[in-house]
Amino acid sequence: MATPSTKLIKLGLALLTASKALADPLPEQPEWRSNEPLNPGFETGNLQGWQVVHGNAFGDRSVTDLVSYWGGPFHQDQKHFILGTAQAGESAVGELKSGLFRARSSLSFLIGGGYDPDNLYVGLVRDRDGQLLLKQTGTDDEALIRIVWDTKKWAGQKVHIVVHDNSTKESWGHINFDDLRLGDDALGNGRGLTFQTIGQANQPPAHRGQPACSLYAKDPLRPQYHYTQYQGWINDPAGLVQWKGRHHLFSQFYPDAPFWGPMHWSHAESTDAVHWRELPVALTPKAAGPGDDSGRFTGSAMVHGDELHLVLTDYVDTRAHPDAVQENVIVASSRDGVNFTLSPRNPVIPAPPAGAPAFFRDPKVFHDPTDNSWKLVIGASNGAQGQVRLYRSQDPFSWSHVGVMYTGDESTDALWECPNFFPVDDKWVLFYGSKGVGIYETGTYNGSVFVSEKRGLVDAGPASYAMQWYKDESGRNLAISWMANWPTSKWPSRANGWAGQQSITRELFLRADGGLGSRPIAELDSLAAGPTKRLGPLRVGNKAVTIGNTNTARLKLTIDLRATSASAFTLSLFQSRAEATLLTYNTSNQTLTLDTTNAGYGQAGKWEAVLAKPADNKLTLDIFLDRSVLEVFVGDGTVMSATVWPRYQESRSISVVGEQGTVVLSAASVTPLGSSWC
Ligand SMILES: *[C@@H]1O[C@H](CO)[C@@H](O)[C@H](O)[C@H]1NC(C)=O
Ligand SMILES: *[C@@H]1O[C@H](CO)[C@@H](O)[C@H](O)[C@H]1NC(C)=O
Ligand SMILES: *[C@@H]1O[C@H](CO)[C@@H](O)[C@H](O)[C@H]1NC(C)=O
Ligand SMILES: *[C@@H]1O[C@H](CO)[C@@H](O)[C@H](O)[C@H]1NC(C)=O
Ligand SMILES: *[C@@H]1O[C@H](CO)[C@@H](O)[C@H](O)[C@H]1NC(C)=O
């Protein structure tokens, strides 16, 4: 194993060379030192040992010791790193080259900056023939993440690293770099912590059709029982329905990059809403060229006659089609639930009502018992406030405008997306996306107008947007949400070629206080992949007690608040000596805080939810851990979702600790969970 001093020794050599270089021009790298790259982490404060091959993107001003930027810390190693904008701005181009060294079994480095596989990358080049052996682009994030390469094939050969910037873009046109490591040093920090094996070079191409679950298992960042695409981008879940026994999950999908692009609909089906089988892409955008982002936006399913219909937004990019209506409603239909054909009657709603803004999206069909008709709600705006408009029909094709069902106030955005509307018990529930979060309102409805009585967050965590509801064949109100949102700037999985995951299937219900609650569906029990470890009753004081060591599991806790004397207790998840995600409950004000400040890569922050005081004084937490995904369900119906990206393989421990007293867990259990794909 590497020792912490290895890098310091290398640094010492580099410093010696640096002071000598003040007097002499940089000498040819002597053969005896070519096994090691010089100045691998730029700790000399300059480009000593590196060579500017061409261009003006890189120079001594590229080496910086800045620690943070507008979006958080850079996460460099030690003090210095290469910030791609520091020398000559975003649009400058150029290439930086390390000294020669001999490849060993592994190589790793830190990368940040723009995503552009052709023009922005760190590359490994063989000296003999100049062949580019491996390359990795950025993720459109300034913060550095570690890429680990298996270089056994080239071990012993003379190679060098290039930092290549041929992007003239004014936004994300640069690349950041730090801390080149070789051999055992490349695999861990030398203090018992092993880097996650991240990088596009570790993602084998998928075979046609369903990617093997072994490919899903191999990626340390990839959730195993949350829906993801093997490569590419997904956002809103759409078209959710149970039809002829099968649950259908479509997703907004862009296959060519881990970024939003012309929208397709990916498609998966399931018999239990837990285990998914990938089906062919259901909808593709009209042939669009560069500069045309037209695509098939979010919509919903409608079972009518013997067919499954998708009622959705057709989005037309008016940059490419200046005279077109930006958003209208179309239908695609299927007899077999696999092959969807666009209706010859499209568009079924050709434009927003006269005089209304062009923003008009995400039709969600529901059956309305108040007049026994099909209705749809659609996200709209009056220019200043978000709105939901209502349409009525007896079939999928002949919608007439009922009117504005509901208008928001100044506390939400002027544009609302993804509205859903349905009855639960004696109330109606409306939820929609605004300001990058899901907001619900519960109240009453008379067939044309909704009156709100209560408002709250669909999910109190940072990773939930565009939730879609559906009623299953047994009458339950189910929902799946996109586990991300637009304001989030950090997507480390882009380094592995994918972005976005869907939540587990949730059941919605009305809470005791009239708000909207969520709980995991019962079928999730079928994910158990081993025996449940049961602990408790457990009394924990200010010395942390470990209750598990896993990052793919379900953790259930019952806390006896009456017997608990602690002022707060904290659950550490995805924990190692270096990092952890913290979930703290303050017993005096019933606040649950999720803290990802020191969780690893990704979005750092704190999110709070005030919980209902349980009548029986038993606080229950039902927590789903899935490698980079966290979903916390509280007994009162509160849910907090987050994505978490630990840096080290050892960050899997689960522990609990009390503060100023004892926390009493009357029960605790950890169940290992398997995959939705095997
Ligand atoms: C850099 O980009 C220019 C313009 O797109 C292109 O012509 C050139 O071939 C690129 N050079 C390299 C080395 O990729
Ligand atoms: C899909 O459906 C259309 C219309 O029913 C039909 O023409 C086409 O052959 C079908 N394609 C497949 C692959 O089944
Ligand atoms: C529903 O309520 C609104 C607002 O009070 C009213 O204008 C409308 O006529 C009512 N519709 C029905 C069908 O009762
Ligand atoms: C818990 O909340 C109370 C009341 O707001 C506050 O005084 C206390 O400092 C909090 N405890 C912790 C550990 O944050
Ligand atoms: C409750 O406690 C949390 C965590 O200690 C704290 O951040 C929050 O401000 C407190 N809320 C109130 C209303 O005191």
Side-chain angles (χ1 to χ4, degrees), residues 51-58 84 88 90-97 113-125 130-133 135-138 160-175 208-209 248 264-265 267 269 278-284 290-291 296 304-310 330-346 366 368-375 377 387-392 396-397 400-408 421 423 427-428 430 441 443-453:
Q51 183 191 334
V52 173
V53 181
H54 59 75
N56 64 347
F58 301 104
E90 286 281 1
S91 59
V93 300
E95 188 171 277
L96 184 65
K97 177 184 170 181
Y115 174 92
D116 185 343
D118 293 331
N119 294 305
L120 293 172
Y121 56 82
V122 173
L124 179 68
V125 176
Q131 194 188 330
L132 182 61
L133 304 172
K135 65 174 184 172
Q136 175 68 45
T137 190
H160 62 268
I161 286 289
V162 290
V163 182
H164 177 88
D165 175 355
N166 193 34
S167 170
T168 54
K169 284 196 199 142
E170 287 292 350
S171 173
W172 295 119
H174 72 281
I175 188 157
R208 282 175 61 88
H248 290 263
H264 302 53
W265 280 40
H267 187 195
E269 65 166 24
E278 193 69 23
L279 293 171
V281 167
L283 299 172
T284 53
R296 314 298 184 190
H304 187 76
D306 196 33
E307 287 185 282
L308 179 59
H309 304 275
L310 303 176
I330 60 170
V331 171
S333 308
S334 176
R335 291 189 177 280
D336 62 5
V338 178
N339 176 20
F340 288 84
T341 312
L342 293 173
S343 169
R345 298 167 71 173
N346 285 337
F366 63 102
D368 188 348
T370 61
D371 61 1
N372 195 30
S373 68
W374 289 105
K375 293 262 173 69
V377 283
Q387 287 190 320
V388 176
R389 287 183 180 272
L390 193 65
Y391 284 74
R392 181 175 190 274
F397 309 107
S400 57
H401 187 215
V402 176
V404 173
M405 191 187 84
Y406 188 61
T407 301
F421 192 57
K427 296 291 179 195
W428 281 78
L430 171 69
E441 311 210 22
T444 59
Y445 167 70
N446 68 0
S448 59
V449 169
F450 171 71
V451 177
S452 175
E453 294 168 349

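The shown structure was predicted, so the numbers you read here are calculated from the model rather than taken from an experiment. When a ligand or atom number is given, it counts from 1 through the structure's own listing order.
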Could you tell me whether the side chain of [X] and the main chain of [Y] form a donor-acceptor pair under 3.5 Å?
{"X": "Glu307", "Y": "Ser333", "value": "no"}
{"X": "Tyr445", "Y": "Gly447", "value": "yes"}
{"X": "Ser334", "Y": "Asn339", "value": "yes"}

(request) Report yes if the distance between the aromatic ring centroids of Phe340 and His267 is under 6.0 Å, otherwise no. (result) yes
(message) Quick check: Phe450 with Trp428 (ring centres under 6.0 Å apart)?
(response) no
(request) Considering only non-hydrogen protein atoms, determine which one is nearest to atom 11 (N) of ligand 2 and report residue, atom name and distance to 0.1 Å. (result) Asn339 ND2, 2.7 Å
(request) Among all protein heavy atoms, pick out the one at the shortest distance from atom 10 (C) of ligand 3; state its residue, atom name and that distance to 0.1 Å. (result) Asn446 ND2, 2.5 Å
(request) Report, in ascending order of atom number, the atoms of ligand 2 lying under 4.0 Å from any heavy atom of Thr341. (result) 2 (O), 3 (C), 4 (C)
(request) Return yes when Gly447 approaches ligand 3 closer than 4.0 angstrom through a heavy atom, no otherwise. (result) no
Does some non-hydrogen atom of the protein lie less than 4.0 angstrom from [atom]?
{"atom": "atom 14 (O) of ligand 3", "result": "yes"}
{"atom": "atom 2 (O) of ligand 3", "result": "yes"}
{"atom": "atom 7 (O) of ligand 2", "result": "no"}

(message) Does any N or O of ligand 1 fall below 3.5 Å from an N or O anywhere on Asn166, backbone included?
(response) yes
(message) If you define the side chain from C-beta out and look only at heavy atoms, does anything of Arg296 sit under 4.5 Å from Leu342?
(response) yes
(message) Could you walk me through whether Asn346 and Val331 satisfy the side-chain contact (heavy atoms from CB on, under 4.5 Å) test, starting with their C-alpha distance in whole Å, then the side-chain angles of each, then the deciding distance to 0.1 Å, before giving a yes or no?
(response) CA-CA 6 Å; Asn346 285 337; Val331 171; 3.9 Å; yes
(request) List every atom of ligand 3 that sits less than 4.0 Å from any heavy atom of Ser448, numbering the atoms from 1 in the order shown and giving each element. (result) 1 (C), 10 (C), 11 (N)
